[in-house]
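Let me begin by presenting the structure, written as structure tokens, before commenting on it.
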There are 2 protein chains.
Amino acid sequence: MLSSPEYIEKLRKSGLRPTRQRIKICEVLFDTDKTFHFTISDLAQMIENKANVKISLATIYNTIHSFEKKGYLKEIAVNSSQTYFDTNTTHHHHFYDEGNKELFDINNSEIDRIKINKDIPGKKIKSVEVLVKVENK
Amino acid sequence: MLSSPEYIEKLRKSGLRPTRQRIKICEVLFDTDKTFHFTISDLAQMIENKANVKISLATIYNTIHSFEKKGYLKEIAVNSSQTYFDTNTTHHHHFYDEGNKELFDINNSEIDRIKINKDIPGKKIKSVEVLVKVENK
DNA sequence: TATCTACTTTATAAGTATTCTAAAGTAGTA
DNA sequence: TACTACTTTAGAATACTTATAAAGTAGATA
């Protein structure tokens with residue numbers, strides 16, 4: 001939970017110019033104790049609701065991708081027509097409800113550590129993601 | 001590894017009319033001991049190469065979706081612009097190389113059983129999928 | 001075998017998410 | 001204030017997927 005001057009600092013430190021648009025997106029994404037999941041269109045909607053500024057879709061895409069590159073966001077591997085992002089960048093996993101397309105965190109205490117007894121020559125593991133699909137009982 | 005008459009039987013049993021197109025797609029997908037991963041465009045390419053028939057994209061999409069519904073294929077949750085399918089319908093997981101967009105199976109003996117100590121009220125688990133992203137060493 | 005009907009295929013249009021383009025705008029610096 | 005490199009923007013372009021509706025075909029029936 002940071003204030004504008006702190007986002008400005010954070011952006012500058014990452015080598016990103018603190019533009020009006022980037023600061024607004026920071027506020028929408030990070031001005032809360034709770035982390036959350038979103039798609040680009042969710043975010044566009046949130047900005048439209050919350051903000052008095054209008055940010056073009058292209059800028060939203062650009063910003064989200066640079067935030068992801070800087071490690072402020074994580075992309076979640078959900079097989080769907082839309083890409084999901086997570087403001088929780090710690091190592092954790094997800095429940096996915098295909099019905100209402102909702103994601104829920106599974107944090108590390110709620111799942112056993114995953115050990116993989118196989119490797120591919122010349123490759124190293126970059127990430128391990130578990131997606132638990134759920135449906136109505 | 002089945003022959004045409006067997007695919008005809010298989011399709012008929014599933015309530016799918018054994019059309020020329022569906023039989024050809026069966027041949028391309030299932031005429032091998034090895035299972036494999038593919039995207040729709042991979043499959044379209046394979047059909048073009050292997051076959052003397054021309055099958056429209058719409059039919060390929062329709063057929064793959066009905067095969068998936070019947071349980072002859074599984075969709076793989078890979079975060080990407082394309083949907084991946086697997087002719088291996090047994091329970092297993094995947095390595096994914098984002099560089100060359102290649103998938104590799106991790107079979108059950110190569111990974112510990114995953115136990116999730118959390119549940120969402122009113123929901124039950126449908127599937128558990130592990131995606132291990134790899135990169136060059 | 002001829003006919004009928006429901007299911008399929010097809011080309012193409014439409015839809016949706018995302019990226020590209022290049023012109024206008026802006027932050028940081030001198 | 002002026003300059004330059006970085007950003008934003010609208011809209012075009014692209015890519016994947018689904019919808020449409022007309023023509024074709026499988027299986028059943030007579």
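Throughout, protein chains are lettered first and strands after them, A, B, ... in sequence-line order, and every chain is numbered starting at 1.
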Once you apply a heavy-atom cut-off of 4.0 Å, does B:T59 come out as touching a base, just sugar-phosphate, or nothing? base
If the plane angle is over 60° it's perpendicular, under 30° parallel, otherwise tilted; pick one for A:F36 and A:F38. tilted
Compute whether any side-chain donor of one residue and acceptor of the other, for A:N88 and A:H37, lie under 3.5 angstrom apart. no
Can you name the side-chain contact (heavy atoms from CB on, under 4.5 Å) partners of A:N79, sequence neighbours left out? B:E75, B:A77, B:T83
Degree of bending in the helix from C:dT1-D:dA30 to C:dA30-D:dT1 once both end axes are built from five pairs, to 10°: 10°
B:R22 CZ to D:dG27 C1': how many Å, rounded? 14 Å
From the 5' end of DNA chain C to its 3' end, which nucleotides mark the outer limits of contact with chain A, defined by a 4.0 Å heavy-atom distance cut-off (strictly under)? C:dA17 to C:dG28
Could you go through the side-chain contact (heavy atoms from CB on, under 4.5 Å) check for B:L131 and A:L131 one step at a time? CA-CA 8 Å; B:L131 186 71; A:L131 186 71; over 6 Å; no
Whether over 12 other heavy atoms sit under 6.0 Å from B:K13 NZ: no
Parallel, tilted or perpendicular: which fits the ring planes of A:Y61 and A:H65, with parallel below 30° and perpendicular above 60°? tilted
Verify the neighbour count for atom NZ of A:K118: are there more than 12 heavy atoms of other residues, nucleotides or ligands below 6.0 Å? yes
For B:K137, does the NZ atom sit with more than 12 other heavy atoms under 6.0 Å from it, leaving out its own atoms? yes
Could you go over nucleotides 14-21 of chain D and give all protein N or O partners under 3.5 Å, atom names and distances?
unit_1, atom_1, unit_2, atom_2, d
D:dT17, OP1, B:T83, N, 3.1
D:dT17, OP1, B:T83, OG1, 2.8
D:dT17, OP2, B:Y61, OH, 2.6
D:dT17, O5', B:Y61, OH, 3.3

Can you sort out the partners of B:S41 under side-chain contact (heavy atoms from CB on, under 4.5 Å), two or more places apart, ordered by chain and number? B:T39, B:Q82
Of B:G15 and A:R12, the one whose nearest nucleotide on DNA chain C sits closer to the 5' end is B:G15
Check side-chain contact (heavy atoms from CB on, under 4.5 Å) between A:S56 and all other residues, then give those that pass, not counting sequence neighbours. A:A58, A:T59
